[in-house]
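Comments concern the structure below.
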Amino acid sequence: MKCIVALKQIPDLQQLRIRNREPVLNDIPYTLGAIDKNALELGVQLKEELDWEVVVISAGNEELEDTIKEALAGGADNSFLLIDNQIDQMDSAEIASLLAEMIRRSEDIGLAIFGEGSGDNYTGQVGSRVAEILGWPQAGYATSVSVDGSTAKVTRALDDCIEEVELDLPAVIIVSAGLNTPRIPSVMQILKAGKLPKEIITLDDLSLVSSANQIETVSNLAPIAERKQIKIGSVDELLNCLESAGVERR
Amino acid sequence: MLGVLVWSVQTKLACELLSAAREIDQEVFALAINDDAQAESLAQKGAQVFRLNNQSLEIANTASIAHAISQVVNQLNPEYILLSSNRRGKELAGRLAQIINAGCLSDVRALVSSDGQIECVRNALGGATIAHQVIKTQQKLIAISANCYEVPSDQGGGQVQDISVKVEDSKLRLLSTQGKPSEGVDISSAEVVVAVGQGLENEELLETVNKIANQIGGIVGCTKPIATDRKWLGEERIIGLSGATCKPNVALLLGTSGQVQFSVGIRDADTIVAVDKDDQANVFTLADYYLVADLNDFLPKLSTSL
């Protein structure tokens with residue numbers, strides 16, 4: 001059986017700079033989001049337990065092959081990549097249809113694992129959309145997963161409760177941030193990662209009609225920080241500030 | 001195609017969605033699934049409520065809830081569908097949007113009407129920016145964050161009518177549900193927030209922090225590492241991208257970072273007062289007032305002065 005782990009290449013937001021309220025995205029290196037690494041770790045744990053194969057799938061621009069090496073070093077067996085510079089302009093619905101088509105091309109899949117949201121835009125739709133396209137059941141905000149034959153048991157952390165559900169395979173699992181601690185690859189694993197099997201396709205290889213973008217971004221600016229930034233020198237002054245801001249002593 | 005359909009599994013959030021729906025100048029329909037009490041509450045807010053009672057519909061089953069709501073959408077044909085952007089709502093949003101071929105945005109903090117379009121306001125790039133986005137599809141699905149709109153007051157005048165859908169065979173079974181261990185803290189609606197970060201070096205000082213919070217009628221919140229790495233406080237107290245977004249009158253920040261992952265949850269406070277021992281602390285840029293002080297000395301002093 002195969003476990004698909006879907007990953008998204010995102011700009012490393014730690015290196016994001018703001019100039020005149022505009023985000024400057026040029027020259028920022030790409031990375032994988034933290035939650036995506038959790039998704040991969042879950043896949044690798046299932047592989048160790050069940051002797052499954054872990055296939056990483058991703059769609060992204062020409063940097064993708066390089067970015068995805070980190071995931072391959074983290075324990076994936078091989079990768080299936082869609083590389084096309086148009087992908088950066090696509091919205092969640094388009095990406096979902098591409099990933100679903102890629103999953104359809106694989107056989108013998110047990111689970112397809114996604115993160116609860118990407119590190120950059122965090123729309124959190126892609127896993128659910130793919131599940132619908134494929135007609136598979138889904139469980140989101142998963143904190144633990146165990147597979148038994150043709151079903152999976154998933155514990156989910158919801159807003160006000162913990163839920164345990166059983167799903168028929170194949171299924172989509174969308175993991176919660178921080179459900180595990182992703183392993184740090186060894187130097188050997190990093191060296192070997194570049195040599196693992198991979199299949200690379202472009203948009204032309206998929207027979208999908210591209211649709212118009214569903215979302216238009218009117219503006220995307222850093223908020224104006226209108227704080228006074230007044231330095232004060234003592235606890236008494238701080239108390240005055242709290243009181244004038246409306247704090248009442250109890 | 002006209003109208004706004006709202007649904008949330010949580011009644012309070014469903015009521016907030018009624019307020020959000022008022023930003024769109026169209027008729028509002030509310031849906032209640034297997035919840036007569038919610039249908040009643042929504043009707044008291046003046047909403048036209050559709051009650052969907054079907055015991056084979058399981059809230060835990062995102063796929064079947066999405067298919068059920070899509071049938072309601074087909075019957076009522078609204079232009080907008082509003083869901084709550086809690087975990088269930090967000091997971092549902094993607095699936096429902098796919099079925100009805102709608103563009104979808106989640107974690108939306110406000111709806112703004114501009115040039116005849118509804119702009120959705122939401123954080124982007126990990127909270128570094130605030131995006132205004134418009135959904136271009138005929139039907140539009142928007143998941144709205146909690147506490148961004150008020151619960152409207154009771155006005156009566158609403159009606160409840162039944163609606164039915166077909167439910168397919170399920171590929172998911174609910175095995176068990178248990179309440180989360182919770183202290184019942186709701187940091188997002190606190191008027192005064194006292195937030196601690198990793199600048200607080202000594203766990204014993206938390207007691208003093210709690211005392212100060214009590215003295216000023218505040219609730220203690222924290223940055224993510226304090227809850228997840230140090231496990232000093234419960235995760236429901238986390239402020240920021242991975243926790244609550246707060247809008248208090250006053251926020252007292254004690255040794256918190258100025259990182260956007262945290263600040264995105266507190267930057268809507270009316271007044272921010274920050275204390276840190278580093279005179280170049282990044283957090284001072286988001287403060288109205290800041291004091292350079294060692295928390296080990298400062299906290300006992302503040303508590304005694306109060």
Side-chain angles (χ1 to χ4, degrees), chain A residues 13 16 18 23 93 96 119-129 131-133 137-138 140-141 153 158-168 174 177-178 212-223 225 227-232 235-236 238-239 241-242 245-250, chain B residues 60 62-63 86-88 90-91 93-95 97-99 103-107 119 124-126 128-137 171-180 192 214-217 228 242 249-250 267 270-273 284-291 298 301-302 305-306:
Chain A
L13 296 180
L16 179 70
I18 301 289
D120 55 348
N121 211 5
Y122 214 81
T123 53
Q125 295 173 30
V126 173
S128 290
R129 282 184 181 271
E132 175 57 29
I133 297 169
Q138 70 178 92
Y141 301 97
K153 273 191 187 140
L158 290 156
D159 307 280
D160 49 1
C161 66
I162 309 279
E163 211 171 69
E164 202 188 1
V165 293
E166 184 182 63
L167 301 94
D168 296 340
I174 305 165
N213 242 313
Q214 296 183 335
I215 308 291
E216 180 193 314
T217 299
V218 180
S219 65
N220 186 23
L221 297 171
R227 295 291 169 181
K228 297 180 196 137
Q229 299 185 41
I230 298 172
K231 185 175 180 177
I232 50 177
V235 173
D236 285 341
L238 185 135
L239 279 173
C241 294
L242 291 179
V247 164
E248 289 170 19
R249 298 188 203 190
R250 304 276 161 109
Chain B
T62 307
N86 57 349
R87 291 189 160 196
R88 281 202 202 278
K90 267 198 276 191
E91 189 187 338
R95 189 135 194 167
Q98 187 64 37
I99 302 170
C104 171
L105 288 168
S106 58
D107 294 302
E119 292 181 7
L125 294 173
T129 55
I130 297 174
H132 284 236
Q133 294 174 298
V134 175
I135 303 175
K136 307 298 283 182
T137 44
K171 295 175 183 168
L172 178 148
R173 293 156 295 281
L174 176 63
L175 301 178
S176 69
T177 307
Q178 60 183 101
K180 259 187 184 173
V192 177
N214 281 333
Q215 286 169 314
I216 62 176
T228 57
S242 33
N249 294 334
V250 183
R267 67 187 175 203
D270 291 340
T271 303
I272 296 180
V273 182
F284 293 158
T285 61
L286 50 135
D288 295 294
Y289 305 99
Y290 67 93
L291 176 67
F298 166 80
K301 232 187 253 176
L302 175 62
S305 311
L306 277 162

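Throughout, a chain's letter reflects where its sequence line sits, starting with A, and its residues are numbered from 1. Since the structure is predicted, the reported quantities are computational estimates derived from the model, not experimental observations.
Top candidate by heavy-atom pairs under 4.5 Å with chain B, chosen from R249(A), E248(A), E166(A), Q125(A), is E166(A). Between chain A and the options I99(B), I130(B), T271(B), the largest number of non-hydrogen pairs under 4.5 Å is found for I130(B). Taking chain A as the reference chain and counting heavy-atom pairs below 4.5 Å, the highest number among I135(B), L175(B), L174(B) is found for L175(B). In terms of heavy-atom pairs under 4.5 Å with chain A, the best-connected choice from V273(B), N214(B), T228(B), I272(B) is I272(B). Of all the listed residues (A93(B), A124(B), A63(B)), the one sharing the greatest number of non-hydrogen pairs under 4.5 Å with chain A is A124(B). Put simply, of P137(A), G140(A), A222(A), S219(A), the one with the most heavy-atom pairs under 4.5 Å next to chain B is S219(A). No other option in I18(A), I174(A), I133(A) has as many heavy-atom pairs under 4.5 Å with chain B as I133(A).
Q138(A) and S128(A) form a side-chain donor-acceptor contact under 3.5 Å, judged by distance and modelled atom types alone.
Under the 4.0 Å criterion applied to side-chain N and carboxylate O atoms, R88(B) and E163(A) are assigned as salt-bridge partners.
The contact between E119(B) and chain A is made entirely by side chain atoms (from C-beta outward), counting heavy-atom distances below 4.5 Å. Looking at V250(B), only its side chain comes within 4.5 Å of chain A, counting heavy atoms on both sides. For chain A, the nearby parts of Y289(B) are the backbone and the side chain; heavy atoms of each come within less than 4.5 Å. In this structure, the portion of T62(B) lying under 4.5 Å from any heavy atom of chain A is its side chain and not its backbone. When heavy atoms are compared at a cutoff of 4.5 Å, D107(B) approaches chain A solely by way of its side chain, counted from C-beta outward.
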